[in-house]
Amino acid sequence: MKKINRRTWLSGATTAAVAIAQTATGKAVQVGVPIEQFWSDDPTKQPGTPPSQVGTRSPFEKLVKSPSEISSRTPLQDLHGILTPSDLHFERHHNGVPAIDPAKHELLIHGMVDKPLVFTLADLKRFPSVSRIAFLECSGNFRTGKETLSPQDICGLTSQSEWTGVSLATLFREVGVKPGARWFLAEGGDAALMTRSIPVQKGWDDAIIAYAQNGEALRPEQGYPVRLFLPGWEGNTSIKWLRRLELGDAPWQTREETSKYTEAVGDGKIRQFSFDIDARSIITFPAYPAPVQRGWIEIRGLAWSGRGTIERVEVSADAGKSWQVATLQQPVLDKAHTRFRLLWHWNGDETEIMSRAIDSTGYVQPTFRQLLDARGGNSGYHMNPITAWQIKRDGRVLHRPETR
Amino acid sequence: MVGLMVSFRPMARVSLTSSAQTRSLDTIPTPVRFGFGRPVTATELTRLDIDVQPDGKGLPAGAGTAVQGKVIFAVKCAACHGTGGTGGLGGALVTTSMTTTAVVGKRPDKTIGTYWPYATTVFDYIRRAMPFNEPGSLTDEEVYHLTAYLLHANGIIDEKATITAQTLPKVVMPAQKLFIPDDRRGGPEIR
């Protein structure tokens, strides 16, 4: 076992690895130390670290979200499979992440119901539970404009988790939703008191009052201790830090469904209550910033649709002239990120690669141009265009910016 | 309990055994009500039920005027939304063509005057979320004044108009006729 001296103990700020130290009582515990001091030239020549209470990522893995003032994006290009590690799930909030004591947090359901009720977190956990793997995407998830953009920059506001909670239908039965109720207001307990109006039908269909994410309690950034989760719908509707549901006969017309999360669609018209996320895909490898080498390359990416399952993903390695059907990795789930891959032999010539998703409704992921044409030249929320990567002769991979 | 223990493959056993032996947890009829949760108190409802609806439901007592709202705005809002609400880091709230000075800010084209379909939303949003650095600090009276000010600054109501629970829902917003419901349906058409 490596000896830890006092200086190492004090260098907490720069710690990167985990090693073992003796506490005053002689108990072996893990402490952080700089990699250089901890890392052995030959790990077979010294005992490894003993079991720990909480595992950590290898210090060699630098997985980070990219925070701005209002959001933080998932590093899609660094991830494998279909699940997003909870600490890398994207964030979008309208006035910070609230600090909520779960023992004090309650959910009120009232309005057009027979029996208004207040549920503690413990109450919610007593109901029959449901779990579902599904993506969550912000409908403002699109950026372009320069070549040096990664998948994280372009569409890092989508992530996927297994969500567990109580089906909202179960709670609707508990409070007795009145026949005339058509919409419900969902309200968060954050500093924005975020509110959205949701059709009651979605509550009966598949809404989840979620208290867990990937096997543990929700992360604070994802709504701890309880959130609404609406599979396939724009992320903003899945109200986090949920404190109240009110049943009513008409939408509330909250600021978030009027001034925001609405899009101009031509002829001066503004589209509202655009809930479903249309099918989209993106190649996450090769992608900026990682360069590639000529020879065999497995093109990898993610595809998803808020309207059903991914039926097919097509990939072009010749700038859209021809398309090949990619292999879909099982499981291919409803309203979920689906992994696709296609083996490609790059001969070193300059080219562009891109993918397009086709979902179970027959929707084909459009180009940026098709979206603009359909929406009177406007860009805004719900932009899901085909994304192309330029492969340069020297192996550099760059985003191909969309032009009007 | 025996009925629950044999529940691993109910489908396969249906034809072999009586229903009593093959009942699984999932086939026990779910009760309509579990009896969890507790009734809400009147005090809790008053504290939590703060939303305002387009027909005015939820608006509290009180009244506001643009003249008084202007003063409050200058003190509590202008730092982030610019003088007269025409820009700044928090975004423009007032249509620039309505004022003489154009201030560069976020979304100067999407203001209360040009983009908001319901006047009740102005009251509801300011009361729940503003000022950004001190949400929930305004009195209902202040929110009425600020609502009146912003509606007047956007050229929607007269300077002399008084905004109350009765008058606010009657204010017709210029943008209301622009809003259409989602027309995307999936399938081959791009919308």
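Proteins come first, then strands; the chains are lettered A, B, ... in the order of their sequence lines, and each starts at number 1.
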Legend entry - Heavy-atom proximity to chain A below 4.5 Å, by part of B/Asp55: neither
Legend entry - Distance-only donor-acceptor check, side chains A/Tyr381 and A/Asn236, under 3.5 Å: no
Inset, instruction - Among the options A/Lys269, A/Glu256, A/Arg271, A/Arg173, pick out the one with the most heavy-atom pairs lying under 4.5 Å from chain B. - result: A/Arg271
Inset, instruction - Flag the one option from A/Ile358, A/Asp123, A/Asn95 with the top tally of heavy-atom pairs under 4.5 Å to chain B. - result: A/Asn95
Legend entry - Heavy-atom check, side chain of B/Arg38 versus side chain of A/Leu117, under 4.5 Å: no
Inset, instruction - Give, as side chain, backbone, both or neither, the part of B/Phe34 having an atom under 4.5 angstrom from any heavy atom of chain A. - result: both
Legend entry - Max heavy-atom pair count under 4.5 Å with chain B, selected residue of A/Met194, A/His110, A/Gln370, A/His94: A/His110
Inset, instruction - Return yes if a side-chain donor-acceptor contact under 3.5 Å exists between A/Gln272 and A/Thr258, otherwise no. - result: no
Legend entry - Side chain, backbone, both or neither of B/Val52 within contact of chain A (heavy atoms, under 4.5 Å): backbone
Legend entry - Chi angles and distances behind the ring pair (Phe, Tyr, Trp, His ring centres under 6.0 Å) call for B/Trp116, B/Phe179: CA-CA 10 Å; B/Trp116 288 45; B/Phe179 281 77; over 10 Å; no
Inset, instruction - Taking all heavy atoms of A/Trp241 and all of A/His105, pick out the closest pair and write down the distance. - result: O-CE1, 3.7 Å
Legend entry - Winner by heavy-atom pair count (cut-off under 4.5 Å) against chain A, out of B/Asp51, B/Ile112, B/Thr41: B/Asp51
Inset, instruction - Check whether B/Lys177 gets within reach of chain A through its side chain, its backbone, both or neither, counting any heavy atom under 4.5 Å. - result: backbone
Legend entry - Distance-only side-chain donor-acceptor flag, B/Thr43 / B/Thr46, under 3.5 Å: no
Legend entry - Residue A/His382 versus chain B: region with a heavy atom under 4.5 Å: side chain
Legend entry - Proximal component of B/Glu44, with respect to chain A [non-hydrogen, under 4.5 Å]: side chain
Legend entry - Side chain / backbone / both / neither for A/Glu187 at chain B, heavy atoms under 4.5 Å: side chain
Inset, instruction - Assess A/Arg280 against A/Trp304: is NZ or CZ under 6.0 Å from the centre of the six-membered ring, and within 45 degrees of the ring's axis? - result: no
Inset, instruction - Can you tell which part of B/Tyr118 gets under 4.5 Å to a heavy atom of chain A, answering side chain, backbone, both or neither? - result: side chain
Inset, instruction - Can you see which heavy atom on A/Val177 is nearest to which on A/Trp204, and at what distance? - result: CB-CZ2, 4.1 Å
Inset, instruction - Please determine, among B/Gly186, B/Gly35, B/Pro181, the option with the most heavy-atom pairs under 4.5 Å with chain A. - result: B/Gly186
Inset, instruction - Answer with side chain, backbone, both or neither: which region of A/Leu185 has an atom nearer than 4.5 Å to a non-hydrogen atom of chain B? - result: side chain
Legend entry - Lys NZ or Arg CZ of A/Lys202 over A/Phe275 ring: under 6.0 Å, within 45°: no
Legend entry - Heavy-atom proximity to chain B below 4.5 Å, by part of A/Val118: both
Legend entry - Side chain, backbone, both or neither of A/Asp373 within contact of chain B (heavy atoms, under 4.5 Å): neither
Inset, instruction - In sequence, state the C-alpha distance, the side-chain angles, and the governing distance for B/Glu142 and B/Arg127, and then conclude on salt bridge (charged side-chain N to carboxylate O under 4.0 Å, His left out). - result: CA-CA 9 Å; B/Glu142 283 178 307; B/Arg127 179 160 73 161; over 6 Å; no
Legend entry - Contacting moiety of A/Ser274, where chain B heavy atoms sit under 4.5 Å: both
Legend entry - Flag for B/Thr65-B/Gln68: side-chain donor and acceptor within less than 3.5 Å: yes
Legend entry - Contact origin within A/Thr262 toward chain B - heavy atom pairs under 4.5 Å: both
Legend entry - Heavy-atom check, side chain of A/Asp276 versus side chain of B/Arg184, under 4.5 Å: yes
Legend entry - A/Arg244 versus chain B, the contacting section by heavy-atom distance below 4.5 Å: side chain
Legend entry - Option that, when pairs with chain A are counted at under 4.5 Å, heavy atom only, ranks first among B/Ile50, B/Thr121, B/Asp183, B/Asp49: B/Asp49
Legend entry - Interface moiety of A/Arg126 toward chain B, non-hydrogen atoms closer than 4.5 Å: both
Legend entry - Winner by heavy-atom pair count (cut-off under 4.5 Å) against chain B, out of A/Lys115, A/Gln365, A/Glu106: A/Glu106
Inset, instruction - Would you confirm whether the ring centroid of A/Tyr261 sits within less than 6.0 angstrom of the ring centroid of A/Phe273? - result: no
